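Below: one structure, written as structure tokens.
Please read these numbers as outputs of a predicted model, since none were measured by experiment. We use all heavy atoms of the structure for the numbers below, so side chains are in, but hydrogens, waters and symmetry mates are not.
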Amino acid sequence: MNFDIKTINFIDSAQQKLSKQFEEIDEISMANQMKVLQAFRDNNVGQRHFSQTNGYGYDDIGRDTLCRLFAQIFGCESAIVSPLIVSGTHALSLSLYGILRPGDEMLAITGSPYDTLKEVICGQGNGSLKDFGINYNEIQLKDGKINTDILSDNITDKTKLVFIGRSRGYEWRDALSIDDISFAIKQIRNVKENVCIMVDNCYGEFLDKIEPTEVGADIIAGSLIKNPGGGIAPTGGYICGKKEYIDLIANRLTAPSIGMEVGSYSYGYKDYYQGLFMAPHVVANALKGSMLMGQVFHDLGFDTMPKPGAKCNDIIRSIKFETKEQLIDFCRAVQEVSPIDSNVVPFPWDMPGYEHQVIMAAGTFVAGASIELSADSPIKEPYIAYLQGGLTYEHVKIATMHCMERIIK
């Protein structure tokens with residue numbers, strides 16, 4: 001790939017502006033790497049934990065130890081980590097169905113949940129929470145932040161679970177910081193101390209030195225083909241939190257009589273352990289790449305989110321384009337510079353669970369893995385590309401040069 005010298009100089013100039021932020025990312029990555037390494041050492045992880053299992057999976061040491069690692073790293077009592085959880089939406093759904101009962105109420109305080117979760121909550125005749133007599137209410141964000149002023153007006157005797165979405169989905173705003181989440185949790189506890197607080201942690205793992213469970217969240221959930229899988233885990237999801245809730249969720253994952261006592265995996269667990277070990281470093285690479293892409297396109301005159309210089313609270317970078325054609329060109333440029341399927345041309349399509357057609361660029365080793373460099377967007381105004389991931393910073397830097405030249409051309 002041959003880039004114009006002007007492009008290279010432009011990218012290098014943008015990179016120099018980010019030196020202080022890159023140092024802060026390295027500091028967080030070091031703290032998280034130490035935390036992860038200590039958990040591996042404390043749990044005496046060895047080759048025996050990587051072995052495949054079959055049948056019922058009773059006393060599966062690989063599965064059980066992986067769960068303990070996640071619980072320790074995320075600072076909570078218990079965890080479910082399973083290849084049988086197919087996505088972040090599945091992990092969140094399991095949690096909601098495990099905890100909530102008919103007549104309970106779920107309150108979302110970060111506005112409408114992500115598109116794929118809406119049908120889980122309010123779908124008609126599809127086995128949704130609504131079908132099971134579980135009520136739902138939501139509070140919209142105020143200036144991009146949780147509106148804590150009206151919590152007392154919305155948390156009732158029937159409110160069993162308060163839901164917080166850490167990332168922003170297809171929204172033009174910043175993701176929530178750990179400080180935002182911590183403050184909201186304290187305000188919720190002031191209104192109703194014993195309510196279950198659940199955080200959708202997708203795209204947010206290892207961005208800070210602490211996780212939502214360490215500032216009072218009862219349950220967090222996410223996908224292993226995002227941050228905590230380190231680009232190596234081939235599938236799966238996790239749920240971490242208080243043991244009383246994890247036990248209920250485990251009963252939903254399998255059956256009330258067996259919970260997490262069963263569940264084999266005939267391919268072995270090495271990729272999950274190795275992915276978790278690599279995750280702090282991979283997330284740091286993705287963050288640096290996100291900041292570079294944001295700085296470059298800001299300098300080119302495009303509106304980006306987060307703003308240059310602002311702290312990233314998830315790994316997603318939003319870039320606003322003037323036309324649908326620019327948006328599609330950008331996503332195709334990302335695909336062209338991918339290690340896998342670089343010859344494939346993405347087109348908008350009717351993706352299950354989404355209201356609008358979606359274009360997805362994802363030349364990834366693990367299909368759909370958003371810790372790997374990828375870009376997607378619903379085809380609607382305003383035309384915003386959502387870029388995420390990057391296993392190596394160098395790859396994202398090359399992709400930034402290619403996308404810049406493609407858009408300028």
Side-chain angles (χ1 to χ4, degrees), residues 1 3-15 17-18 21 111-112 114-115 141 143-144 167-175 203 286-338 342 344-351 354-363 370 373-390 395-409:
M1 301 182 71
F3 296 110
D4 190 285
I5 187 62
K6 292 181 180 179
T7 300
I8 296 171
N9 291 337
F10 194 92
I11 299 290
D12 287 343
S13 175
Q15 182 177 260
K17 298 175 184 178
L18 298 167
Q21 287 178 281
S112 297
Y114 191 65
D115 289 20
L141 295 171
D143 300 323
S167 190
R168 58 268 179 65
Y170 290 141
E171 294 185 46
W172 183 257
R173 63 172 178 85
D174 279 329
Y203 302 104
L287 274 180
K288 289 179 180 178
S290 170
M291 287 182 173
L292 180 66
M293 187 74 80
Q295 185 69 56
V296 166
F297 273 81
H298 169 81
D299 292 346
L300 289 172
F302 291 90
D303 203 358
T304 68
M305 184 70 72
K307 304 296 183 185
K311 184 180 182 300
C312 294
N313 295 313
D314 63 8
I315 62 167
I316 299 173
R317 171 67 48 176
S318 305
I319 305 172
K320 188 179 291 184
F321 293 100
E322 296 173 1
T323 65
K324 177 175 71 174
E325 289 71 27
Q326 277 187 333
L327 169 62
I328 293 173
D329 271 351
F330 176 83
C331 291
R332 288 176 175 172
V334 172
Q335 186 75 39
E336 288 168 355
V337 78
S338 297
S342 60
V344 171
V345 180
F347 283 87
W349 66 298
D350 298 316
M351 188 172 181
Y354 294 85
E355 295 180 7
H356 300 84
Q357 283 195 323
V358 175
I359 185 169
M360 285 202 164
S370 44
L373 183 62
S374 54
D376 53 85
S377 177
I379 305 301
K380 64 176 183 178
E381 294 187 81
Y383 298 112
I384 301 170
Y386 298 88
L387 183 93
Q388 57 267 322
H395 177 211
V396 186
K397 185 174 181 179
I398 294 168
T400 303
M401 289 189 281
H402 181 64
C403 289
M404 172 183 165
E405 289 193 346
R406 174 72 176 262
I407 292 298
I408 290 174
K409 184 178 180 178

Which pair of heavy atoms, one from [X] and one from [Y], lies closest together, and at what distance?
X	Y	answer
Ile379	Pro348	CG1-CB, 3.7 Å
Ser318	Ile384	CB-CG2, 3.8 Å
Phe330	Ile319	CZ-CD1, 3.8 Å
Val296	Ala14	CG2-CB, 3.7 Å
Asp314	Ser167	OD2-OG, 2.6 Å
Ala333	His402	O-CD2, 3.2 Å

Under the ring-ring contact (aromatic ring centres under 6.0 Å, His included) test, residues paired with [X] that sit two or more places apart:
X	value
Phe302	Phe297, Phe321
Tyr386	Tyr170
Tyr203	none

request  = Tell me, with the steps shown, if Arg317 and Cys312 meet side-chain contact (heavy atoms from CB on, under 4.5 Å).
outcome  = CA-CA 9 Å; Arg317 171 67 48 176; Cys312 294; 3.5 Å; yes

message = Any side-chain to backbone donor/acceptor pair from Glu405 onto Asp4? Under 3.5 Å, distance only.
response = yes

query = Taking the side chain from His395 and the backbone from Val337, do they hold a donor-acceptor pair closer than 3.5 Å?
reply = yes

ask   = With sequence neighbours left out, what residues match Glu322 under side-chain contact (heavy atoms from CB on, under 4.5 Å)?
value = Gln326

Rounded at 0.5 Å granularity, tell me how far [atom1] in [X] sits from [atom2] in [Y].
X	Y	atom1	atom2	result
Met305	Arg168	CE	CZ	7.5 Å
Ile315	Lys288	CD1	NZ	15.5 Å
Leu300	Met404	CG	CE	5.0 Å
Ile316	Asp174	CD1	CG	11.5 Å
Cys331	Ile328	SG	CD1	8.0 Å

Are the side chains of [X] and [Y] in touch, meaning some heavy atoms are under 4.5 Å apart?
X	Y	result
Val334	Leu387	yes
Ser290	Gln388	no
Met401	Ile8	yes

message = Can you pull out every side chain to side chain donor-acceptor pair (under 3.5 Å) where at least one residue sits in residues 292-306? Sequence neighbours excluded, please.
response = Lys17-Asp299, Gln295-Asp299, Asp303-Lys307

Not counting sequence neighbours, which residues clear side-chain hydrogen bond (donor to acceptor under 3.5 Å, both in side chains) with [X]? List them please.
X	answer
Asn9	none
Thr400	none
Tyr383	none
Ser13	none

inquiry  = Listing request: all salt bridge (charged side-chain N to carboxylate O under 4.0 Å, His left out) pairs with a residue in residues 373-389, at least two apart in sequence or in separate chains.
reply    =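 Qualifying pairs: none.
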
query = Which residues pass the salt bridge (Lys or Arg N to Asp or Glu O under 4.0 Å) test with Arg406, sequence neighbours left out?
reply =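 If we apply the salt bridge (Lys or Arg N to Asp or Glu O under 4.0 Å) test to Arg406, skipping adjacent residues, the hits are Asp329, Glu336.
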
For Lys324, salt bridge (Lys or Arg N to Asp or Glu O under 4.0 Å) partners two or more places apart = none

ask   = Taking it one step at a time, do Lys397 and Asp12 satisfy side-chain contact (heavy atoms from CB on, under 4.5 Å)?
value = CA-CA 10 Å; Lys397 185 174 181 179; Asp12 287 343; 3.4 Å; yes

request  = Might you work through the side-chain contact (heavy atoms from CB on, under 4.5 Å) test for Leu292 and Gln15, ending with a clear yes or no?
outcome  = CA-CA 6 Å; Leu292 180 66; Gln15 182 177 260; 4.1 Å; yes

